[in-house]
Structures are given as C-alpha cells and as structure tokens.
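To start, the structure itself, in structure tokens.
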Amino acid sequence: MGKLIRLLRATAGVVLLAACTESPTEPEAEWVYEGQWGSEGFGNGKFLYPQGVGVAPESGTVYVADIYKHSIQYFTPTGSYLGQWGSEGPGNGQFYYPYGVAVGPDGKVYVADTGNNRIQYFTPTGSFLGRWGSQGSGEGLFSLPNSVAVAANGNVYVADTNNNRIEYFTAAGSYLGRWGSKGSENGQFDFPSGVAVTTGNVYITDVNNGRVQYFTPTGSYLGQWGSPGSGNGQFWLPSEVAVGPYGVVYVADEFNNRLQYFTPTGSYLGRWGSAGSGDGEFTNPYGLGINDAGTRVYVSDRGNCRVQYFKRRE
C-alpha cells in the first residue's frame, strides 16, 4: 500500500516519514487555530493518509484526497461529513493513490490520479465527467502527477512531478502547453509538487530545490524565493501552495511542520505551526485550501490523519 509513496520520494532523493506584479498589501493579520476533524480509520470522515485539499467557491465545501483509501471525501466548511467517491482501480471514478484535488470556478472537481498517471474530473458530488492522460513524457502525458489547479478561465494546470515540468490544458483536457525540465536553474525543477494559479501568476513548489518559483500563465519565468533550511522564508520539502486574497501565497513547509505565507513576489509575512499532534501542530502537513473570503485556511495534517483549519484574526 505504501509502495507508490516510497517511489515518489525515492525518485526525489528524499525519504518520507512514516505516517498513518505586487498587489495591494494584506492587512495586518495572524492565523489562529479554529478547529479540526478526522482520525485514522476507514469510516466516513476518517482518513488513512489525507493529501490534497480543495475548497469550492461560494459553498466552501472542502474536498480531501486520501491516498490509501483511493478516494475523495467532502465536508462542510467546519468538517461535517457530506459524502465520498472512489475506490482502488483504473476505471472511471476509480483511483490509484490520488494526490491532488482542486475545484474549478464552475464547481467541477479535478483529481490528480497519481498512480494512474491521469486527471479525472467530476460533478461536485462525484459523478464522473471525464479524464485525460496516461503514462509517458510526450505532450499531455504524465509521470506521477502530484497536483492540479484550475484558473479562473477554467484552464487546468498539472504538476507533472516525475517529468519535472508543468503542463496545462483546457477544462476538458485539450493540451495547451508545458514548461520546465530537471535542474536547479531558473525555470527548471527538481520534483515540482504543488501548483496554484492566480489571474497573472502560476506558483510552483520546487521540492528538492527548497523554493517556490512563479511564472506567467503560459510559463514565462518571473521569479523565485526560498532555499533549503528552517529559517523564515526557507523550506524543508515545500509541498503544496495556495493563493488567497491580496495575492498572498501560502506554502506547506512539510518537514519543518509549519505553514509560511508571503507577498505575491515572495517577501516573508509570517508563519505558524510546529511539530506535534496538539491543536495547531503538524506531522507532515501537505495539502492546502483557502475559502473565497480568505478568512479560513485548511491543512491536511497527514501524519496525524486529520484536517485542521485556521481563522484569520485581524
């Protein structure tokens, strides 16, 4: 059951811990613990290894991809269980280690079906709508895609992790373009894991290079920040990335067991979290989701088999 997890991190040269245009300035704020849900198990609302998190516009419904349950579960904004879909397999609506989940502006739910090397998409309640992709390195093909994000115009961006590139598509999966190659230079990647899209920028967590890079929507390099480490603005395996109001960029700093947040061009704003299992503590945080108002951040706390959420306090 853990073979793919080990493969992904072995490919990246690291080991995964065992685990069940600057915009207007953000107002001064801090993030405080508000609540959580989930525990280890197979039942409704429980998790074996929660990974990607997506938040629906308007309704605020929270979707969580669970790798080992090969499923997507969805919840109210405060964690009441609503439903789920998926099982292990290669068929429509089935998954093999789903890593990423994102919700488009029209409510469609996109899933990075990592082990099956494809993207699938669904109605908000899980009815299958379509899929694209298979294993390979050509146009529209994938090698262990980790993350998916949907732009306001409906275009879909995929972190094609083991191919060390980003590919993007129409909402129905027609290929539009790609950029990136393996390396540490500007515009190159070493295990790109997370992707987030705003109107003007695409942000990518470049895991083994310990940085965030950002680009135009068609892949022209704009800038970067970060380096391996535990200081402010440094990362030890940055996993997912999300963008909130004012263009503020949030990064799950996985092995530092914290979240950091930045201006759109990477100036450090703050951080929260530490290692542990208490309220507001993490063991390998990975997925991130932000509600429309930017008042609540959701985090998949993988090693603790739960989702925690935090509120903005001015």
Quick check for you: to the nearest 0.5 Å, what is the distance between [X] atom [atom1] and [Y] atom [atom2]?
X: R302; Y: Q51; atom1: CZ; atom2: CD; answer: 4.5 Å
X: N257; Y: N304; atom1: CG; atom2: CG; answer: 9.0 Å
X: Y214; Y: S220; atom1: OH; atom2: OG; answer: 13.5 Å
X: R271; Y: L259; atom1: CZ; atom2: CG; answer: 11.5 Å
X: I166; Y: T218; atom1: CD1; atom2: OG1; answer: 13.5 Å

Under 6.0 Å between ring centres, would you say that holds for [X] and [Y]?
X: F215; Y: F189; result: yes
X: F169; Y: F142; result: yes
X: W31; Y: Y309; result: no
X: F128; Y: F95; result: no
X: F282; Y: F310; result: yes

Taking [Y]'s backbone N and O only, do any of them form a donor-acceptor pair with [X]'s side chain (distance below 3.5 Å, no angle check)?
X: Q120; Y: Q94; answer: yes
X: R211; Y: S184; answer: yes
X: N163; Y: R165; answer: no
X: D160; Y: S143; answer: yes
X: T283; Y: G303; answer: no
X: R118; Y: P145; answer: no

Test item: side-chain donor near acceptor, [X] and [Y], under 3.5 Å:
X: N155; Y: Y157; answer: no
X: Q224; Y: N186; answer: yes
X: Q36; Y: D279; answer: yes

F262 and its ring pair (Phe, Tyr, Trp, His ring centres under 6.0 Å) partner, picked from Y250, Y246, W225: W225
Identified ring pair (Phe, Tyr, Trp, His ring centres under 6.0 Å) partner of F122 from the options W85, Y74, Y63: W85
Side chain to side chain donor-acceptor pair (under 3.5 Å) between S193 and Y286, intermediate numbers included: CA-CA 10 Å; S193 183; Y286 191 96; 2.8 Å; yes
Flag if over 12 foreign heavy atoms under 6.0 Å of CH2, W236: no
Audit row: L82, T76, side chain to side chain contact (heavy atoms under 4.5 Å, CB included) steps and yes/no: CA-CA 7 Å; L82 293 174; T76 68; 3.8 Å; yes
Single hit among L144, N146, D206 for side chain to side chain contact (heavy atoms under 4.5 Å, CB included) with F191: N146
